[in-house]
Amino acid sequence: MEQRHLGRTGLRVSRIGLGTLTWGRDTDEHDAADLLKTFWEAGGTLVDTADVYGDGEAEYLLGRLIEGLVPRRDLVISTKAGSVPDPDRRFDGSRGHLLAALDASLSRLGTDHVDLWQIHAFDPDTPLEETLHALDLAVSSGRARYAGVSNFCGWQLAKAGTWQLAAPGARTRLASTQMEYSLLQRGVEREVLPAALDLGVGLLPSSPLGRGVLTGKYRGDALPPDSRGASDHMAPFVEPYLDDTASRIVDAVATAADGLAVTPLQVALAWIRDRPGVVSPIVGARNAQQLTAALSVETLSLPDEICRALDDVSVPVHRYPDHDWSTL
């Protein structure tokens with residue numbers, strides 16, 4: 001699998017990443033082992049997790065697998081901290097919480113460092129410089145090799161990235177930002193992506209298949225019994241992308257797939273993988289068969305006319321101030 005530099009750093013990652021959101025909850029150890037081995041054998045390196053996935057079980061499970069199944073040195077392990085199970089405070093970006101969370105992640109993963117450590121979300125109740133100082137301490141202590149953020153809007157990413165660049169050598173530049181991005185969710189193109197490109201921050205798209213909807217499995221009101229849309233706890237996650245607007249985009253993806261003799265999954269994933277600023281879409285497959293189907297996109301490059309057609313059918317409405325006022 002092709003390797004790409006993560007932002008303006010020396011870290012190289014596979015251009016498709018493996019997500020572990022459901023590990024330890026919907027994905028058991030047997031299926032997780034199959035997924036990791038399939039990914040590794042295909043040349044994949046970037047494995048993304050977080051301290052809250054499965055209440056820590058995802059990290060624990062990944063740690064067990066890299067101990068006996070896949071060599072640690074062959075993987076780029078990314079985890080996140082900052083989300084907390086508190087209805088009154090969803091995110092805790094305090095230095096104390098973040099560094100304690102990192103130590104707990106390392107213990108569950110069974111490793112002395114992670115390759116990429118990301119702040120899971122912006123905490124409005126903690127000074128941003130305090131949150132970012134935790135990244136500096138993690139890297140300077142060797143517990144993290146590179147640092148990034150996740151779910152920061154445009155101004156938050158611009159402020160964080162600029163702060164880190166203001167003291168070169170003393171602060172750790174941001175390597176990445178992880179955001180939801182797909183043909184069904186192009187909101188990052190408004191401000192986040194321009195900020196990332198300007199700052200040299202690599203974009204890691206989550207839910208690159210529109211929470212599974214872009215595979216075409218839900219076309220015509222279909223609801224496969226083994227799908228996330230049919231799951232009690234995942235149905236609310238999928239439901240926002242089952243509207244008429246999404247249906248038109250999925251139909252266009254399916255039409256393109258028919259013309260290229262490939263699957264809708266391959267078309268949607270190739271489109272996002274090759275967008276400007278994108279480094280590695282994070283794919284959360286349910287089993288090895290689904291992952292193999294996603295990894296088959298490695299040999300596919302979409303023709304320019306197909307990309308333009310998909311751009312047109314999925315383009316979000318962005319007006320002032322994103323466009324010059326004189327063109328409105």
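One-based numbering along the sequence shown.
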Within this structure, what is the [atom1]-[atom2] distance for the pair [X] and [Y], rounded to the nearest 0.5 Å?
{"X": "Ser280", "Y": "Arg15", "atom1": "OG", "atom2": "CZ", "result": "10.0 Å"}
{"X": "His133", "Y": "Arg171", "atom1": "NE2", "atom2": "CZ", "result": "9.5 Å"}
{"X": "Leu62", "Y": "Leu69", "atom1": "CG", "atom2": "CG", "result": "10.5 Å"}
{"X": "Thr79", "Y": "His120", "atom1": "OG1", "atom2": "NE2", "result": "8.5 Å"}
{"X": "Leu157", "Y": "Phe122", "atom1": "CG", "atom2": "CZ", "result": "11.5 Å"}
{"X": "Ile119", "Y": "Ser83", "atom1": "CD1", "atom2": "OG", "result": "10.5 Å"}

Decide yes or no for [X] and [Y]: does some side-chain heavy atom of the first lie under 4.5 Å from some side-chain heavy atom of the second?
{"X": "Leu183", "Y": "Leu214", "answer": "yes"}
{"X": "Leu302", "Y": "Leu260", "answer": "yes"}
{"X": "Ile66", "Y": "Val47", "answer": "no"}
{"X": "Arg286", "Y": "Thr22", "answer": "no"}
{"X": "Leu174", "Y": "Phe152", "answer": "no"}
{"X": "Gln290", "Y": "Asn287", "answer": "yes"}
{"X": "Val70", "Y": "Leu65", "answer": "no"}
{"X": "Leu184", "Y": "Ser207", "answer": "no"}

Start with the C-alpha distance between Gln185 and Arg211, add both sets of side-chain angles, then the distance that settles side-chain contact (heavy atoms from CB on, under 4.5 Å), and finish with yes or no. CA-CA 10 Å; Gln185 179 52 271; Arg211 307 182 183 185; over 6 Å; no
What are the two closest non-hydrogen atoms of [X] and [Y], and how far apart are they?
{"X": "Pro194", "Y": "Glu189", "result": "CD-O, 3.7 Å"}
{"X": "Tyr181", "Y": "Leu203", "result": "CD2-CD2, 3.6 Å"}
{"X": "Pro264", "Y": "Val253", "result": "O-CG1, 3.5 Å"}
{"X": "Gln118", "Y": "Val149", "result": "OE1-O, 3.3 Å"}
{"X": "Trp117", "Y": "Leu98", "result": "CZ2-O, 3.3 Å"}
{"X": "Ala196", "Y": "Thr177", "result": "CB-CG2, 4.4 Å"}

Going hydrophobic residue to hydrophobic residue with side-chain gaps under 4.5 angstrom, can you get from Val114 over to Leu116?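 In one cluster with Val114: Leu116, no.
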If you group Ile, Leu, Val, Met, Phe, Trp and Tyr by side-chain heavy-atom gaps below 4.5 Å, do Met179 and Val283 land in one group?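 Looking at the clustering, Val283 is in the same group as Met179.
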When you look at [atom1] of [X], are more than 12 heavy atoms from neighbouring residues, nucleotides or ligands closer to it than 6.0 Å?
{"X": "Glu305", "atom1": "CD", "value": "yes"}
{"X": "Arg90", "atom1": "CZ", "value": "no"}
{"X": "Glu2", "atom1": "CD", "value": "yes"}
{"X": "Asp258", "atom1": "CG", "value": "yes"}

Expected output: side-chain [X] to main-chain [Y] donor-acceptor under 3.5 Å:
{"X": "Ser14", "Y": "Met1", "value": "no"}
{"X": "Thr215", "Y": "Leu265", "value": "no"}
{"X": "Thr20", "Y": "Asp48", "value": "yes"}
{"X": "Arg145", "Y": "Gly142", "value": "yes"}
{"X": "Thr162", "Y": "Lys159", "value": "no"}
{"X": "Arg273", "Y": "Pro208", "value": "no"}
{"X": "Arg173", "Y": "Leu199", "value": "yes"}
{"X": "Glu130", "Y": "Pro127", "value": "no"}
{"X": "Ser206", "Y": "Glu180", "value": "yes"}

Should the pair Arg143-Asp103 be classified as a salt bridge under the 4.0 Å nitrogen-to-oxygen rule?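 So Arg143 pairs with Asp103 through a salt bridge.
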Charged N-O contact under 4.0 Å between Arg72 and Asp115: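 Judged by the 4.0 Å cut-off on N to carboxylate O distance, Arg72 and Asp115 do form a salt bridge.
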Test of understanding: with side chain to side chain contact (heavy atoms under 4.5 Å, CB included), list the residues that count as partners of Leu197, not counting sequence neighbours.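 Listed in chain order: Leu193.
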Do Ile77 and Leu109 pass the side-chain contact (heavy atoms from CB on, under 4.5 Å) test, and can you show the C-alpha distance, the side-chain angles, and the key distance before you say yes or no? CA-CA 9 Å; Ile77 297 177; Leu109 289 165; 4.2 Å; yes
Take Leu204 and Leu6 through the test side-chain contact (heavy atoms from CB on, under 4.5 Å) and record every step on the way to the result. CA-CA 9 Å; Leu204 301 174; Leu6 184 60; 3.8 Å; yes
Going through the distances and angles, do Asp26 and Asp31 end up as a side-chain contact (heavy atoms from CB on, under 4.5 Å)? CA-CA 10 Å; Asp26 302 322; Asp31 286 337; over 6 Å; no
Given Ser247, which of Thr245, Val250, Asp251 fulfils the side-chain contact (heavy atoms from CB on, under 4.5 Å) condition?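 For Ser247, the side-chain contact (heavy atoms from CB on, under 4.5 Å) test succeeds with only one of Thr245, Val250, Asp251, which is Asp251.
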Residues [X] and [Y]: side-chain donor-acceptor under 3.5 angstrom:
{"X": "Asp92", "Y": "Ser94", "answer": "yes"}
{"X": "Asn151", "Y": "Gln156", "answer": "no"}
{"X": "Glu59", "Y": "Ser105", "answer": "yes"}

Distance-only check: which donor-acceptor pairs under 3.5 Å involve side-chain atoms of residues 32-43, not counting sequence neighbours?
unit_1	atom_1	unit_2	atom_2	d
Asp34	OD2	His30	NE2	3.4
Thr38	OG1	Asp34	O	2.8
Trp40	NE1	Asp74	OD2	3.0

